[in-house]
Amino acid sequence: MRTRIAALALSLTLGFSAEVIGQEAHVGDLVVEDPWARATASPAMPGAAYLKVENHGAAADTLIAVASPVAERAELHRSEAEDGVMKMRSVEAIKVAPGAPVIFAPGGLHIMLHGLKQPLTEGSRFPLALTFEKAGSVTVEVVVRPLGAMGPVPGHSPEHSH
Ligand SMILES: [Cu+2]
């Protein structure tokens, strides 16, 4: 816990200005990578955050809760195509097994932020707490990418690549 806070304080002090890529937060055997969210256009819109979780341990763990001070309620969601229509469902918990990284990305798993206290603006950051059954809790800093961004790295939006 203490190491994590020190690392966060250091990164804030150094002030990674324009782009923060390759952010990592460790908790137990788990590594949370590249947390990002899409900017929201209006205050009424829910936010969506994405990240990657890897398990470097020997035993599976489970992501059981998410929370952020910027939202009244954060939920684990999965988007799925059903009869050609994209639908979202809330997910109770997500297993993180060794050697099977869990990737939250547009069109799939995401962290839905309901009741945003203010719109998420491009370039801003906000804290997101993840709680795992065994490893405990970790707070990561989510970077807000442009509306419509498809990944944590700039330029990976539909307009610019693939
Ligand atoms: Cu959702």
Side-chain angles (χ1 to χ4, degrees), residues 8 19-28 30-55 60-162:
L8 182 64
E19 303 303 342
V20 181
I21 304 166
Q23 277 196 102
E24 276 190 7
H26 294 250
V27 57
L30 306 178
V31 184
V32 181
E33 292 168 52
D34 293 329
W36 68 285
R38 274 184 177 161
T40 57
S42 83
M45 222 176 132
Y50 310 98
L51 44 83
K52 182 176 168 186
V53 187
E54 278 190 276
N55 186 339
D61 205 337
T62 308
L63 176 59
I64 51 173
V66 282
S68 174
V70 301
E72 277 167 26
R73 199 169 79 253
E75 289 178 352
L76 297 168
H77 275 193
R78 188 192 300 276
S79 295
E80 274 169 340
E82 203 180 272
D83 301 324
V85 181
M86 283 302 263
K87 290 192 174 168
M88 277 197 311
R89 290 175 199 291
S90 76
V91 181
E92 279 297 304
I94 295 167
K95 189 178 168 190
V96 187
V102 174
I103 298 166
F104 289 74
L109 282 176
H110 55 279
I111 293 157
M112 197 102 248
L113 303 165
H114 294 285
L116 286 176
K117 288 162 190 169
Q118 53 187 61
L120 301 178
T121 53
E122 184 180 339
S124 66
R125 321 251 180 105
F126 63 87
L128 176 71
L130 308 171
T131 303
F132 297 91
E133 200 170 49
K134 293 176 191 156
S137 296
V138 62
T139 298
V140 298
E141 197 183 30
V142 181
V143 179
V144 181
R145 295 287 175 212
L147 202 71
M150 291 302 285
V153 180
H156 276 218
S157 57
E159 300 81 9
H160 299 291
S161 63
H162 316 304

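In listed order, ligands and their atoms are each counted from 1. Just so we're clear, the structure is a prediction, and the values are computed from it rather than from any experiment.
- For H77, the N, O or S atom with the smallest separation from the Cu ion (ligand 1) is ND1.
- Annotation: angle subtended at the Cu ion (ligand 1) by M112 SD and H110 NE2 is 120°, to 10°.
- L109 pairs in a side-chain contact (heavy atoms from CB on, under 4.5 Å) with only one of the listed residues (L63, V102, V53), which is V102.
- In this structure E33 satisfies the side-chain contact (heavy atoms from CB on, under 4.5 Å) test together with E24, V31, K52, E54, sequence neighbours excluded.
- Not a single N, O or S atom of S90, from either the backbone or the side chain, sits less than 2.8 Å from the Cu ion (ligand 1).
- Looking at R89 and E80, a side-chain N of the basic residue comes within less than 4.0 Å of a carboxylate O on the acidic one, giving a salt bridge.
- Atom-to-atom distance recorded for L130:CG and I111:CD1 is 5.5 Å, nearest 0.5 angstrom.
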